[in-house]
**Q** 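Sending over a structure as structure tokens; questions will come in a sec.
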Amino acid sequence: MSISSFLQGRAADLRYIEAAARTIGDVAEGMKIVVEKSTVPVKAAESINTILRANLRPGVNFQVLSNPEFLAEGSAIKDLLHPDRILIGGDQTPEGQKAIKELCWVYKHWISDSKIITMNTWSSELSKLAANAFLAQRISSINAISAICEATGACVSEVSHAIGTDTRIGSKFLEASVGFGGSCFQKDVLNLVYLCESLNLQEVANYWYQQVIEMNRYQRTRFVRRIAEKLFNTLTDKKITIFGFAFKKNTGDTRESPAIYVCKHLLEEGAHISIYDPKVNQQQIIEDLTHPDIMDKPEKVLELLSFHTNPYSASERAHAVVICTEWDEFLHLDYKKIYNSMLKPAFIFDGRKILNVDELLAIGFQVETVGRRTT
Ligand SMILES: NC(=O)c1ccc[n+]([C@@H]2O[C@H](COP(=O)([O-])OP(=O)(O)OC[C@H]3O[C@@H](n4cnc5c(N)ncnc54)[C@H](O)[C@@H]3O)[C@@H](O)[C@H]2O)c1
């Protein structure tokens with residue numbers, strides 16, 4: 001996502017929020033609590049409040065609460081039933097506190113009091129952005145360490161295990177990879193950067209942008225550079241097979257998927273790309289790879305792409321297989337069969353660190369994995 005498409009998306013979000021607030025203002029009767037659930041730009045509650053108050057009709061009143069969503073794709077029901085915490089932000093007035101109590105009552109049907117945190121609206125909106133920014137920051141931090149591992153011979157899995165056992169750091173979100181993706185992390189960090197800039201906090205904006213977003217981009221381009229270097233510094237007319245296009249396993253969502261950027265760089269170098277993903281459909285991949293934000297010459301892309309419904313046909317006569325998504329089924333493929341059908345030397349680039357390197361080396365593959373020097 002470029003800054004300009006982030007700003008366009010943000011403007012669209014604000015338009016939808018305004019339109020929704022005006023519709024609520026037109027049709028609501030009596031006292032209503034408006035709950036802002038999804039990720040919205042900070043201060044959205046204030047805008048909703050302003051619109052509703054400016055259009056108040058006799059006998060109608062509102063309280064606006066912020067109740068950020070923490071469900072992740074692929075584990076939404078589990079996250080809903082067993083959340084780490086529920087945040088509810090509202091006005092620090094008696095009416096605001098009453099509205100907060102009403103929403104707490106809904107959650108108390110299945111969540112204990114100790115997990116329900118109430119606060120002012122601003123804190124709640126900012127906590128959502130900050131939580132995602134901190135998670136993205138951890139991934140960028142371990143990815144930065146993965147570059148040192150590849151250069152020195154240290155193994156990033158050993159390093160992340162070692163530092164993750166320090167309870168002050170903890171083991172979550174410490175898997176190195178080809179980079180983070182999804183609809184939330186980049187957008188929320190950019191929202192935070194935008195907020196810092198509008199508050200004239202340029203150094204804080206730079207911190208989040210350069211350390212988290214730029215490191216994510218660096219990780220993706222570094223991975224593709226490694227592919228090019230290993231394939232004798234030329235990718236033109238080589239066949240590269242991509243295993244996985246979704247931004248993570250157990251979803252067909254491709255928003256901000258690292259696979260898009262890996263394919264973009266490979267296509268720019270003239271590689272032929274064959275793609276297999278268990279869930280993502282061909283049309284979605286074409287839309288992602290021909291989007292004007294991604295490719296300057298989208299018309300050329302279609303000539304270089306092919307799509308497969310199984311990993312074995314996808315990898316026939318390929319120079320390299322590249323793992324972009326950590327689907328479980330990639331753990332159990334017949335890699336001997338894949339090796340036999342590929343051109344030699346046959347390369348595997350594991351962008352998710354999921355495969356057994358020793359087994360692949362024994363078959364004869366040249367193996368490159370994030371955060372480890374193997375060949
Ligand atoms: N997806 C939604 O529709 C949605 C909506 C509202 C709020 N949210 C919130 O936004 C956040 C992100 O949700 P998401 O659906 O993008 O899923 P997510 O947090 O599982 O994944 C985001 C990124 O982090 C990576 N990741 C996941 N676990 C990791 C680990 N242990 N180590 C390293 N990297 C890891 C994934 O590969 C992916 O690139 C969550 O906090 C969620 O509650 C999501």
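First listed ligand is number 1; within each ligand, the first listed atom is number 1.
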**Q** Strictly under 4.0 Å, does any heavy atom of G181 approach an atom of ligand 1?
**A** yes
**Q** Can you list the atoms of ligand 1 that are under 4.0 Å from a heavy atom of F180?
**A** 39 (O)
**Q** Just go through F70, F247, F185 and tell me whose heavy atom is the nearest to atom 43 (O) of ligand 1.
**A** F70
**Q** Tell me the contacting part of K187 for ligand 1: side chain, backbone, both, or neither, using a 4.0 Å heavy-atom threshold, strictly below.
**A** neither
**Q** Looking at ligand 1, would R352 count as a contact under a 4.0 Å heavy-atom criterion?
**A** yes
**Q** Would you mind checking if R226 and E150 are paired as a salt bridge, meaning a charged N to carboxylate O distance below 4.0 Å?
**A** yes
**Q** Using a 4.0 Å heavy-atom threshold (strictly under), name the region of K128 that reaches ligand 1: side chain, backbone, both or neither.
**A** side chain
**Q** Is any side-chain N of the basic residue among K300 and E268 closer than 4.0 Å to the acidic one's carboxylate O?
**A** no
**Q** Going by an N to O cut-off under 4.0 Å, is there a salt bridge joining D166 and R168?
**A** yes
**Q** Would you tell me which option among L71, N216, N132, D79 has the nearest heavy-atom contact to atom 41 (O) of ligand 1?
**A** N132
**Q** Please determine if K248 has a nitrogen or oxygen closer than 3.5 Å to a nitrogen or oxygen of ligand 1.
**A** yes
**Q** State whether the shortest distance between N or O atoms of E73 and N or O atoms of ligand 1 falls below 3.5 angstrom.
**A** yes
**Q** Check the pair C196, Y209 against side-chain contact (heavy atoms from CB on, under 4.5 Å), reporting the backbone distance first and the verdict last.
**A** CA-CA 11 Å; C196 297; Y209 192 80; over 6 Å; no
**Q** Can you confirm if the aromatic rings of F365 and Y339 lie within a centre distance of less than 6.0 Å?
**A** yes
**Q** Can you label the angle between the W208 ring and the F134 ring as parallel, tilted or perpendicular, going by 30° and 60°?
**A** tilted
**Q** Do the side chains of E175 and K353 get close enough for a salt bridge, i.e. N-O under 4.0 angstrom?
**A** yes
**Q** Could you tell me which atoms of ligand 1, counted from 1 in the order shown, lie closer than 4.0 angstrom to a heavy atom of L174?
**A** 32 (N)
**Q** How does A72 reach ligand 1, if at all, at less than 4.0 Å between non-hydrogen atoms: by side chain, backbone, both, or neither?
**A** both
**Q** Using a 4.0 Å heavy-atom cut-off, say whether E175 meets ligand 1 through its side chain, its backbone, both or neither.
**A** both
**Q** Verify side-chain contact (heavy atoms from CB on, under 4.5 Å) between V357 and R372, making sure each step is shown before the conclusion.
**A** CA-CA 10 Å; V357 173; R372 188 173 157 189; 3.7 Å; yes
